[in-house]
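Below is one structure, written out as structure tokens; the observations come after it.
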Number of protein chains: 2
Amino acid sequence: MLAMDKTRGRPRTFDREAALGSAVLLFWEHGFEATSVGDLTQAMGIRPASLYAAFGDKKALFKEAVEAYGRTEAGGFLARAMEEEPTAYQVVARMLREAAQVYPDPSHPAGCLTISAATNVTVQDVEIGTFLRDLRNANLVALEERLRRGQEEGDLPEGADVGALASFVATVIQGMSQQARDGAGSAELARVAELALSVWPRST
Amino acid sequence: MLAMDKTRGRPRTFDREAALGSAVLLFWEHGFEATSVGDLTQAMGIRPASLYAAFGDKKALFKEAVEAYGRTEAGGFLARAMEEEPTAYQVVARMLREAAQVYPDPSHPAGCLTISAATNVTVQDVEIGTFLRDLRNANLVALEERLRRGQEEGDLPEGADVGALASFVATVIQGMSQQARDGAGSAELARVAELALSVWPRST
DNA sequence: TCTTTTCTTGAGCGATCAATCAAAAATTAG
DNA sequence: CTAATTTTTGATTGATCGCTCAAGAAAAGA
């Protein structure tokens, strides 16, 4: 009968998580289209058939790589800031300041995978482009909602334009990712972050 | 002998500038790698051999398309603002406000070609990626020099961090391009532009 | 007219793309 | 042990990539 038993059969000879990590780095550096299956299998140390058996196809692997990226230190700091910081200002301040540190960090590819990995896609891969775009827009909505909560809790003035502030922060963060990929360092980006923060309508 | 006579031989049957304009639109929309030579010949209404005879190869056509883009209304407004506005603040204000209008304009592809057309490139096309990156960094240096001139002319305070201001403006503009490609409208981007402008150390 | 030059046409080049297949290998169940 | 199940291997698929070539067509010069 149909089996689906994980313990049966020949065991996988490679570390699935490690292979996924290699895929994350490649997609992060070069993006979806510019990373070939050949590049992936070489970096993962496996053969095409093993890749397709373990991850489906290239698009499925990419989506899983995006999820894995979000679980990394450098890929999850924005979501973490939103969850952990108590006030709207502290959320935004941590986002911008950590972006200035993380995006140019030479221990991994520069910038943000979600922002830069599917900018140039062919017509048959539009799905991948919209997948990341939806993710970015969802993050923008989440930030706006977080700021609105801050407004209700009194750490943002009632007259503040929450939508504009969220768009502004998202714009600066996306620009910082691009700047980091263009070679900007953490000191330069830190000054950009402080300038952006100076527009904030603080209560203190 | 070697001829190089332009009037001799069979005349070209297509409008070279119009064909280049079609290439600009394709590269602007999809980027360098995601635009195939087949896409180009179809949009230009010519055959591969004609394209290669008229423009060299795909990379040369792209570089020429970037130059043509810079001569368009939507592709040259940043340089024009730097040349035409009298003070540092007016330069930056016009840059940001026009970006908010131009980048989401539905009469052409969203955002800036220079910013988004070579984000994801394969290893053998790194040359194209660095070509646009160098262009962006040259624009950043030019803005910084324009601001420094403004500082010398007294329309920026002596204590102002010119480098940080230039980086900040470049970051916001690049972020606005990305936001426009993600679907942001001119009203939304205009509010972002005003927020960014509010950090400016004005003398008035 | 006849030659020379340049462009267009249509076919097709080798390389690479994502993806697949059959067979061998490695495991568990009985 | 044998049978069933799953993965790995190595070769290979059809499609598309950027690009080129030979032949024909359209112009100018002599």
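Residue numbering restarts at 1 for every chain, and letters A, B, ... go by the order of the sequence lines.
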Exercise. For the residue pair Phe32(B) and Phe62(B), categorise the inter-ring angle as parallel (less than 30°), tilted (30 to 60°) or perpendicular (more than 60°).
Key: perpendicular

Just list the side-chain donor-acceptor pairs under 3.5 Å for residues 67-74 of chain A, sequence neighbours left out, or say none.
from: Tyr69(A); atom 1: OH; to: Leu113(A); atom 2: N; distance (Å): 3.3
from: Thr72(A); atom 1: OG1; to: Tyr69(A); atom 2: O; distance (Å): 2.6
from: Thr72(A); atom 1: OG1; to: Gly75(A); atom 2: N; distance (Å): 3.0

May I have the distance from [X] (atom [atom1]) to [N] (atom [atom2]), rounded to whole angstrom?
X	N	atom1	atom2	value
Gln42(B)	dG18(D)	CD	C1'	16 Å
Arg8(A)	dA29(C)	CZ	P	6 Å
Asp57(B)	dC19(D)	CG	P	5 Å
Asp125(B)	dG18(D)	CG	C1'	10 Å
Phe62(A)	dA18(C)	CZ	C1'	16 Å
Leu51(B)	dC7(C)	CG	C1'	13 Å

Protein-nucleotides 10-17 of chain C N/O pairs under 3.5 Å:
from: dG10(C); atom 1: OP2; to: Arg47(B); atom 2: NH1; distance (Å): 2.6

Practice problem: Kindly state each residue pair satisfying salt bridge (Lys or Arg N to Asp or Glu O under 4.0 Å) with at least one member in residues 10-29 of chain A, sequence neighbours excluded. | Solution: Arg16(A)-Glu64(A)

Practice problem: Any salt bridge (Lys or Arg N to Asp or Glu O under 4.0 Å) involving residues 121-143 of chain B? Give me the pairs, sequence neighbours left out, ordered by first then second residue. | Solution: Asp182(A)-Arg136(B), Lys59(B)-Asp125(B), Lys59(B)-Glu127(B), Lys63(B)-Glu127(B)

Quiz item: Arg146(A): what forms a salt bridge (charged side-chain N to carboxylate O under 4.0 Å, His left out) with it, not counting sequence neighbours?
Solution: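 So Arg146(A) forms no salt bridge (charged side-chain N to carboxylate O under 4.0 Å, His left out) with any residue.
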
Quiz prompt | side chain to side chain donor-acceptor pair (under 3.5 Å) partners of Glu85(A), counting only residues at least two apart | solution =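 If we apply the side chain to side chain donor-acceptor pair (under 3.5 Å) test to Glu85(A), skipping adjacent residues, the hits are Arg94(A).
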
Quiz item: Which residue pairs pass the side-chain hydrogen bond (donor to acceptor under 3.5 Å, both in side chains) test with at least one member in residues 166-176 of chain B, sequence neighbours excluded?
Solution: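 As it turns out, the side-chain hydrogen bond (donor to acceptor under 3.5 Å, both in side chains) pairs with a partner in residues 166-176 of chain B, which skip direct neighbours, are Gln179(A)-Gln174(B), Glu188(A)-Ser167(B).
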
Quiz prompt | SB check Glu145(A) Arg149(A) (cutoff 4.0 Å) | solution =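 No.
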
Exercise. May I ask you to evaluate whether Ser50(A) reaches the phosphate of dT7(D), defined as a side-chain N or O under 4.0 Å from OP1 or OP2?
Key: no

Quiz item: Where along residues 11-26 of chain B does a heavy atom come under 4.0 Å from DNA chain D, residue by residue in number order?
Solution: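 Heavy-atom cutoff 4.0 Å gives Pro11(B).
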
Self-check item: From dA29(C), dA26(C), dT8(C), nucleotide with atom closest to Arg10(A) side chain
Solution: dA26(C)

Self-check item: Tyr52(B) side-chain proximity, nearest of dT8(C), dC19(D), dT20(C)
Solution: dC19(D)

Practice problem: Scan for ring-ring contact (aromatic ring centres under 6.0 Å, His included) pairs involving residues 167-194 of chain B, sequence neighbours excluded, and state none if there are none. | Solution: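 For residues 167-194 of chain B, and leaving out neighbouring residues, there are no ring-ring contact (aromatic ring centres under 6.0 Å, His included) pairs at all.
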
